[in-house]
2 protein chains.
Amino acid sequence: MQDHELKFKDYLATKGLKLTSPRKHILDAVFDLHEHFNAEELYNRVKSITSDVSIATIYRTIPLLVDAGLVQQALRSSGRDRYEHIYGHPKHIHWLCKACGAIVETDLNTLMGAVREQASLMGFRVQETEISIMGLCWKCIDNEKQI
Amino acid sequence: MQDHELKFKDYLATKGLKLTSPRKHILDAVFDLHEHFNAEELYNRVKSITSDVSIATIYRTIPLLVDAGLVQQALRSSGRDRYEHIYGHPKHIHWLCKACGAIVETDLNTLMGAVREQASLMGFRVQETEISIMGLCWKCIDNEKQI
DNA sequence: CCTTATATTGAGAATCAGTTGCAAACTTAT
DNA sequence: ATAAGTTTGCAACTGATTCTCAATATAAGG
Ligand SMILES: [Mn+2]
Ligand SMILES: [Mn+2]
Ligand SMILES: [Zn+2]
Ligand SMILES: [Zn+2]
């Protein structure tokens, strides 16, 4: 059994819930997917493996995965909530290019020092940070110059 | 005429649009309101001054204000898009307490140095930054201790 | 003023992501 | 096997936002 499967099972146990087959398939799909995803994309991914799911169960399972610390919300895009798996991944910053839509991720560590400093100053206990920076990626800046 | 009204009018002019009475009332309400607001809250605020608006016009005007650089999206909360006026305000970080829902704002400058450094390393041209930090405020940490 | 072209508005209908009620199917513990 | 509690798919629902459309308003030109 994989690490994240164990963690999900443990989490479910503490809530008196069970690791069922649909939940297992959803979990697998989430960790197979190395991009941000929305509920429907996740649904399609799971369906391509097994018919053993409904979109309702997708919507019901995502909050469980988030609460278990396996998934976090990512940048909402075109009116839909998006997510990404995080267990075993370092926290990161999202850089969104407004021209081409590319999302680049970078490490959060350098910024976290500054965040922690400000947090301790105001007595705030940080649980989650979401840092999104929008602008232009180097490719789109290059294109712009050529015009 | 106030500064932001001029700016809105200029923006509208460049788009061949007009500064009408409903738009003026909405703009005023936005800059009277010194908190984050959603469409309905803004609607109620405008209605308390004049009956000269509909919720449809609120929804139609918000994107104009955003595009004009007078308003920006803030943390979405309980399924509704939230906004805040920004013209003349420094960019800031949002600290959201997950226990009591309080939103504290702090200056962005200390963090911006680190952001810029990382940006120049990757050749990214920053246009907007959204930094949201979720956790517990000092009041809620205090309460927790007493339990 | 009058005319015309264009922009704007409110009202209500439509959309659509996400949620929920429910009855059938499962699980797990007696 | 029985009972108690959990899960699921389906379809109906919800509610924020968007869209349609007919009626008004606006601005420019004559
Ligand atoms: Mn990511
Ligand atoms: Mn703010
Ligand atoms: Zn780009
Ligand atoms: Zn608090």
Side-chain angles (χ1 to χ4, degrees), chain A residues 5 8-30 36-68 71-83, chain B residues 5 8-30 36-68 71-83:
Chain A
E5 196 169 319
F8 193 32
K9 201 176 178 184
D10 279 0
Y11 163 81
L12 292 170
T14 67
K15 299 276 176 178
L17 306 177
K18 296 154 195 168
L19 182 53
T20 60
S21 156
R23 285 179 182 157
K24 211 177 301 185
H25 281 123
I26 292 169
L27 179 69
D28 286 346
V30 161
H36 299 185
F37 56 87
N38 63 30
E40 198 187 356
E41 287 159 356
L42 178 55
Y43 175 54
N44 290 332
R45 192 53 105 82
V46 178
K47 251 199 329 192
S48 75
I49 308 289
T50 172
S51 62
D52 186 22
V53 242
S54 72
I55 188 79
T57 298
I58 298 281
Y59 277 113
R60 284 190 277 236
T61 304
I62 288 173
L64 298 177
L65 292 168
V66 170
D67 199 35
V71 163
Q72 75 179 356
Q73 234 178 316
L75 273 182
R76 187 182 165 81
S77 139
S78 46
R80 315 200 53 159
D81 290 342
R82 300 186 73 75
Y83 303 88
Chain B
E5 196 168 317
F8 194 32
K9 201 175 176 183
D10 280 358
Y11 164 81
L12 291 170
T14 67
K15 299 275 175 178
L17 307 177
K18 297 153 192 166
L19 182 52
T20 60
S21 156
R23 285 180 182 156
K24 211 178 299 184
H25 281 123
I26 292 169
L27 179 69
D28 286 348
V30 161
H36 297 185
F37 56 87
N38 62 32
E40 198 186 355
E41 287 159 358
L42 178 55
Y43 175 54
N44 289 331
R45 191 53 105 81
V46 178
K47 251 198 329 191
S48 76
I49 308 289
T50 171
S51 62
D52 186 22
V53 240
S54 72
I55 187 79
T57 298
I58 298 283
Y59 277 111
R60 283 190 279 237
T61 304
I62 288 174
L64 298 177
L65 292 168
V66 170
D67 199 36
V71 163
Q72 75 179 357
Q73 233 179 316
L75 271 183
R76 187 183 165 83
S77 142
S78 45
R80 315 199 53 160
D81 290 341
R82 300 186 72 75
Y83 303 88

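By convention in this document, chain letters (A, B, ...) are assigned in the order of the sequence lines, proteins followed by strands, and residues within each chain are numbered from 1. All heavy atoms count here, side chains included; hydrogens, waters and symmetry mates do not.
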CD1/B:I55 to NZ/B:K47 distance, rounded to the nearest 0.5 angstrom?
-> 8.0 Å
Please answer whether the main-chain N or O of B:H36 pairs with a side-chain N or O of B:R82 as donor and acceptor at a distance below 3.5 Å.
-> yes
Find every protein N or O atom lying less than 3.5 Å from an N or O atom of nucleotides 18-20 of chain C, and list the pairs.
from	atom 1	to	atom 2	distance (Å)
C:dG18	OP1	A:D81	N	2.8
C:dG18	OP1	A:D81	OD2	3.2
C:dG18	OP2	A:Y59	OH	2.8

Could you give the NZ-to-P distance, from B:K47 to C:dA11, as a whole number of Å?
-> 10 Å
Separation of B:H25 atom NE2 from C:dT8 atom C1', in whole Å?
-> 16 Å
Working for side-chain contact (heavy atoms from CB on, under 4.5 Å), residues A:L42 and A:I62 | CA-CA 10 Å; A:L42 178 55; A:I62 288 173; 4.2 Å; yes
Rounded off to whole Å, could you give me the CD-to-C1' distance for the B:Q73 and D:dT17 pair?
-> 12 Å
Shortest non-hydrogen contact between A:N38 and A:D81, atoms and distance | CB-O, 3.2 Å
Contact residues, residues 14-23 of chain A to DNA chain D [heavy atom, < 4.0 Å] | A:L17, A:K18, A:T20, A:P22, A:R23
Scanning both residues in full, the closest heavy-atom pair of A:P63 with A:R60 reads CD-O, 3.5 Å
Give a yes or no on whether the backbone of B:K18 and the side-chain of B:R23 come within a donor-acceptor separation of less than 3.5 Å.
-> yes
To the nearest Å, how far apart are A:L12 CG and C:dT27 P?
-> 15 Å
Mind calculating the distance between CD1 (B:I58) and P (C:dG12) to the nearest angstrom?
-> 17 Å
Closest approach of A:A39 to A:I58 (non-hydrogen atoms, all atoms of both residues) | O-CG2, 3.6 Å
Measuring from A:D67:CG to A:T14:OG1, what's the distance to the nearest 0.5 Å?
-> 8.5 Å
